[in-house]
Protein chains: 2
Amino acid sequence: MDARTKILETATRLFATQGYDSTSLSQVARDASVSKALIFWHFETKESLFQEVVSRTIEPYSLEIDLEGLSEPEQLRRLIDLYYEFVTQNLYSVRFFLSLFLRESARPDDLFARIIDLHELYRRQLAEVIERGQRGGTVSHDVDAATHAALITSALNGILVQGFVLPTPSPTPEAIVSRLKATLVDTIQVQ
Amino acid sequence: MDARTKILETATRLFATQGYDSTSLSQVARDASVSKALIFWHFETKESLFQEVVSRTIEPYSLEIDLEGLSEPEQLRRLIDLYYEFVTQNLYSVRFFLSLFLRESARPDDLFARIIDLHELYRRQLAEVIERGQRGGTVSHDVDAATHAALITSALNGILVQGFVLPTPSPTPEAIVSRLKATLVDTIQVQ
DNA sequence: GTCTATATACAGATAGAC
DNA sequence: GTCTATCTGTATATAGAC
């Protein structure tokens, strides 16, 4: 692996676990077994290194979802499962971005916008499925689609954060997600 | 106001908005209009200043809840409202603690334990109300109390985090909370 | 491209006058 | 209690040899 990549991977790991301010380039250099000067040769400043790290981290984030042939309630359950899968598969970087949102001096605003976009896209997709189900008669008309969709994403995010924060959550995240589907999907289902 | 208090309040504001690492004592001194040396006279080190800040911030956190004369489903709704009220009234410090949990080098573990305790206390209280309701016949037996309680706290936390992260959440937090009560309480209510 | 050596700034912390 | 002046370490960043 070339030095540039080595630096990037080391920096990614350190930024993600310690944050921007608490990670020094000396530490990155040491962990990557290169000199500090080499970091500045490959990356203009500490902040541009950080920008590159964030770009590479966010890159695989996407929303490719196949819902063909499923009823609307089934689509909702699938969307919930996919969200949870995605988060558990990207636990490190999700945590990283969440803490970036809450604080941090180096805020790459354009990339934040991308994450918010993805989130809203997901929420809108939930809402659209609910509306389609209401028109098709598989979902109850008692719920406002947008609000219910927002509740689902909130609950998902909350389960996620709880997993980050609490030492060993007594009900497992999986159990809560399954309960989420039971309460937030089954109860608005018609039949 | 005496200098010590001035320092504490300035440090609280800066730590909360910028974090521990990104806040220098020079900045605290400047903003509080005192010399750096005075900070060290009042507080041994930067970290003990931080500890004191955290202690003072967490101090008003408590769980004094009056649920007399309410049916179990009403108690659940009340608990949810109280949680939401508490969080909105302590928005700054809640955000502060959340970001502490996600990162930060200075981790005062004993105080973290206190927050986790409060959280588990609240969750257990929800679970107990549900169980009592099941025994008394006001709550459906279809739900597992502990899991359902965990789902409620997750959803609440998620709504909270969403409020922190998203620019202007299209459904308001209030709307989502009311939807939460409709979906997570009404549907397990008997009658 | 990669290094050693160095410049410069600012961090946390101390000494000592008042 | 509060200050100015200073110490010491380490941070980001640069110069210049190879």
What integer distance in Å separates [X]:[atom1] from [N]:[atom2]?
X        : N       : atom1 : atom2 : answer
Leu25(B) : dA9(C)  : CG    : P     : 21 Å
Leu8(A)  : dG1(C)  : CG    : P     : 14 Å
Ile7(A)  : dT2(C)  : CD1   : C1'   : 10 Å
Phe40(A) : dT14(D) : CZ    : C1'   : 9 Å
Lys36(A) : dA5(C)  : NZ    : P     : 13 Å
Asp2(A)  : dT2(C)  : CG    : C1'   : 13 Å
Asp21(B) : dT12(D) : CG    : C1'   : 16 Å
Ile39(B) : dT2(D)  : CD1   : C1'   : 12 Å

Looking only at dA13(D), dG1(D), dG12(C), the nucleotide nearest the Thr45(A) side chain is dA13(D)
With distance as the sole test, does [X] use its side chain to make a donor-acceptor pair with the main-chain N or O of [Y] at under 3.5 Å?
X         : Y         : value
His148(B) : Leu184(B) : yes
Lys46(A)  : Tyr20(A)  : yes
Ser93(A)  : Phe96(A)  : no

Under 3.5 Å side-chain donor-acceptor pair for Ser24(A) and Gln27(A): no
Where each residue is assigned the nucleotide of DNA chain D containing its nearest heavy atom, which of Gln27(A) and Glu44(A) is assigned the position nearer the 5′ end? Gln27(A)
5'-most contact on DNA chain D (nearest-nucleotide basis), Ser24(A) vs Ala37(A), goes to Ser24(A)
Taking only side-chain nitrogens and oxygens of Ser26(B), does any of them come within less than 4.0 Å of OP1 or OP2 of dC10(C)? no
Base, sugar-phosphate or nothing for Ser35(A)? Non-hydrogen atoms, less than 4.0 Å. base
Considering every strand and a 4.0 Å limit on heavy-atom distances, what is the contact class for Leu38(B): base, sugar-phosphate, or nothing? base
Does a salt bridge link Arg56(A) with Glu59(A), judged by any charged N lying under 4.0 Å from a carboxylate O? no
